[in-house]
A.B. asks: 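Have a look at the structure that comes next, please.
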Amino acid sequence: QVQLVESGGGTVQAGGSLRLSCAASGRTLYYYTMAWFRQPPGKEREFVATISYSGDSTKYSDSVKGRFTISRDNAKNMASLQMSNLKPEDTAVYYCAADRVSYVRVGVNDYDYWGQGTQVTVSS
């Protein structure tokens, strides 16, 4: 079993930056593809970014490409999401997810392990 805990959420003004972290325990993350999803108020959970177990492959949703950067540190069993130039439409609960595969995946149903989420609010 993999337990995931997100941190780093908060309230920021439009144009600002935040860095989310995802700490894992229970298993090494080395064999797991990691991802970030988000769920805006009143909407379904949606894909944000993913990174392969080795870190050599990433994929982003069109809405965050060029503004967000996903990374991982397998030695520390952590993944991160650096968010820049934040917009009010980025307001959501952000979730970290993991799946024991070697390739990137973008579907909510593709991931077996989830954190509890961290709130990000961007004010205009």
Side-chain angles (χ1 to χ4, degrees):
Q1 291 289 336
V2 175
Q3 291 81 42
L4 304 173
V5 178
E6 302 95 337
S7 61
T11 300
V12 64
Q13 288 190 334
S17 300
L18 279 176
R19 185 178 181 87
L20 305 182
S21 296
C22 175
S25 61
R27 294 282 177 90
T28 175
L29 284 182
Y30 183 75
Y31 299 106
Y32 290 76
T33 285
M34 303 296 297
W36 288 92
F37 289 78
R38 67 187 182 186
Q39 188 162 12
K43 298 184 179 180
E44 294 186 351
R45 196 169 298 189
E46 62 185 29
F47 167 74
V48 175
T50 181
I51 185 168
S52 62
Y53 77 99
S54 63
D56 61 358
S57 180
T58 59
K59 189 175 181 67
Y60 297 89
S61 69
D62 289 341
S63 61
V64 307
K65 196 175 298 181
R67 301 188 297 121
F68 291 11
T69 302
I70 190 171
S71 61
R72 65 188 298 159
D73 186 334
N74 288 338
K76 296 182 178 179
N77 238 24
M78 293 187 66
S80 298
L81 184 69
Q82 178 67 45
M83 305 184 296
S84 302
N85 190 21
L86 283 160
K87 304 176 181 180
E89 51 264 42
D90 294 319
T91 294
V93 178
Y94 283 71
Y95 296 90
C96 175
D99 192 49
R100 201 177 190 282
V101 293
S102 61
Y103 48 91
V104 295
R105 309 175 82 177
V106 303
V108 172
N109 294 328
D110 292 333
Y111 290 84
D112 291 332
Y113 302 101
W114 294 83
Q116 83 289 349
T118 185
Q119 177 71 45
V120 171
T121 302
V122 184
S123 61
S124 57

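Nothing here was measured: the structure is a model prediction, and the numbers come from that model.
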A.B. asks: With a 4.5 Å limit on heavy-atom distance, are the side chains of Leu20 and Met83 in contact?
C.D. replies: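 Of all side-chain heavy-atom pairs linking Met83 with Leu20, at least one is under 4.5 Å.
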A.B. asks: Transitively linked via ILVMFWY side-chain contacts under 4.5 Å: Leu81 with Ile51?
C.D. replies: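 Yes, it is one cluster - the side chains of Leu81 and Ile51 are joined through contacts under 4.5 Å.
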A.B. asks: Could you check Asp62 against Lys65 for salt bridge (charged side-chain N to carboxylate O under 4.0 Å, His left out), going step by step and ending with a plain yes or no?
C.D. replies: CA-CA 5 Å; Asp62 289 341; Lys65 196 175 298 181; 3.3 Å; yes
A.B. asks: Just so I know, are the side chains of Glu46 and Val108 near enough to count as touching, which here means a heavy-atom distance under 4.5 Å?
C.D. replies: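 With C-beta onward as the side chain, the pair stays apart.
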A.B. asks: Within the 4.5 Å heavy-atom criterion, are Ser71 and Gln82 side-chain neighbours or not?
C.D. replies: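 Counting from C-beta outward, Ser71 and Gln82 never come under 4.5 Å.
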A.B. asks: Taking the six-membered ring of Tyr32 as reference, does the NZ or CZ atom of Arg27 fall below 6.0 Å from its centre and within a 45° cone about the axis?
C.D. replies: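 No, Arg27 and Tyr32 do not form such a contact.
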A.B. asks: Measuring only between side-chain heavy atoms, which start at C-beta, is Phe37 closer than 4.5 Å to Tyr111?
C.D. replies: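 Side-chain contact under 4.5 Å: yes.
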A.B. asks: Which word best sums up how the rings of Tyr53 and Tyr30 line up, parallel for under 30°, tilted for 30 to 60°, or perpendicular for over 60°?
C.D. replies: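 Tyr53 and Tyr30: perpendicular rings.
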A.B. asks: Rounded to the nearest 0.5 Å, how far does NZ of Lys59 lie from CZ of Phe47?
C.D. replies: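 Separation between the atoms: 7.0 Å.
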A.B. asks: Compare every heavy atom of Ala14 with every heavy atom of Ser124, then report the nearest pair and how far apart it is.
C.D. replies: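 Scanning both residues completely, I find the closest heavy atoms to be CA-CB, 4.4 Å.
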A.B. asks: Would you check if Val64 and Arg38 make a side-chain contact, meaning some heavy-atom pair closer than 4.5 Å?
C.D. replies: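 Contact flag for Val64/Arg38 side chains = yes.
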A.B. asks: Do side-chain atoms of Arg72 reach the backbone of Ser52 as a donor and acceptor pair under 3.5 angstrom?
C.D. replies: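 Pair found, side chain donor or acceptor close to backbone of Ser52.
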A.B. asks: Would you indicate whether the side-chain heavy atoms of Leu86 and Phe68 approach each other to under 4.5 Å?
C.D. replies: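 The answer is yes, as the side chains (C-beta and beyond) meet within the 4.5 Å cut-off.
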A.B. asks: Taking Thr91 for its side chain and Val122 for its backbone only, find out whether a donor-acceptor pair lies under 3.5 Å.
C.D. replies: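 Judged by distance alone, yes, a pair lies under 3.5 Å.
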A.B. asks: Taking Glu6 for the side chain and Gly117 for the main chain, is one N or O donor matched with an acceptor at less than 3.5 Å?
C.D. replies: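 Checking the backbone N and O of Gly117 against the side chain of Glu6, a donor-acceptor pair under 3.5 Å is found.
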A.B. asks: For a 4.5 angstrom cut-off between non-hydrogen side-chain atoms, does Val120 reach Asp90?
C.D. replies: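 No; the side chains remain at least 4.5 Å from each other.
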A.B. asks: Work out which heavy atom in Tyr95 is nearest to a heavy atom in Gly115; give both atom names and the distance.
C.D. replies: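 What the structure gives for the nearest pair is CD2-O, 3.6 Å.
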A.B. asks: Return yes if some donor-acceptor pair links the side-chain N/O of Thr33 with the main-chain N/O of Val101 below 3.5 Å, else return no.
C.D. replies: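 Judged by distance alone, yes, a pair lies under 3.5 Å.
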A.B. asks: So which atom in Gly26 and which in Gln3 form the shortest heavy-atom distance, rounded to 0.1 Å?
C.D. replies: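 Nearest heavy atoms, Gly26 then Gln3: CA-OE1, 3.7 Å.
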A.B. asks: Considering non-hydrogen atoms only, spot the tightest contact between Cys22 and Trp36 and give its length.
C.D. replies: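 Cys22 and Trp36 have their closest heavy atoms at CB-CZ2, 3.7 Å.
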A.B. asks: If we ignore hydrogens and angles and just use 3.5 Å, is the side chain of Asn77 paired with the main-chain N or O of Leu29 as donor and acceptor?
C.D. replies: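 Yes, the answer is positive, given that a donor and an acceptor are paired below the 3.5 Å cut-off.
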A.B. asks: Tell me whether Trp114 shares a hydrophobic cluster with Tyr94, the cluster being built from Ile, Leu, Val, Met, Phe, Trp, Tyr side chains joined at under 4.5 Å.
C.D. replies: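 They do not share one cluster, since no chain of ILVMFWY contacts under 4.5 Å joins Trp114 to Tyr94.
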A.B. asks: Could you go step by step and tell me if Gln1 and Tyr113 meet the side chain to side chain contact (heavy atoms under 4.5 Å, CB included) rule?
C.D. replies: CA-CA 8 Å; Gln1 291 289 336; Tyr113 302 101; 3.3 Å; yes
A.B. asks: In the single-linkage hydrophobic clustering (I, L, V, M, F, W, Y; side-chain heavy atoms under 4.5 Å), do Val104 and Val48 co-cluster?
C.D. replies: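 No: no chain of side-chain contacts under 4.5 Å links Val104 to Val48.
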A.B. asks: Find out if a path of hydrophobic residues (ILVMFWY) with successive side-chain heavy-atom gaps under 4.5 Å connects Met34 to Leu18.
C.D. replies: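 Yes, one cluster joins them.
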A.B. asks: Tell me the closest heavy-atom pair linking Gln116 and Leu4, and the distance in Å.
C.D. replies: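 So the minimum-distance heavy-atom pair works out to OE1-O, 3.7 Å.
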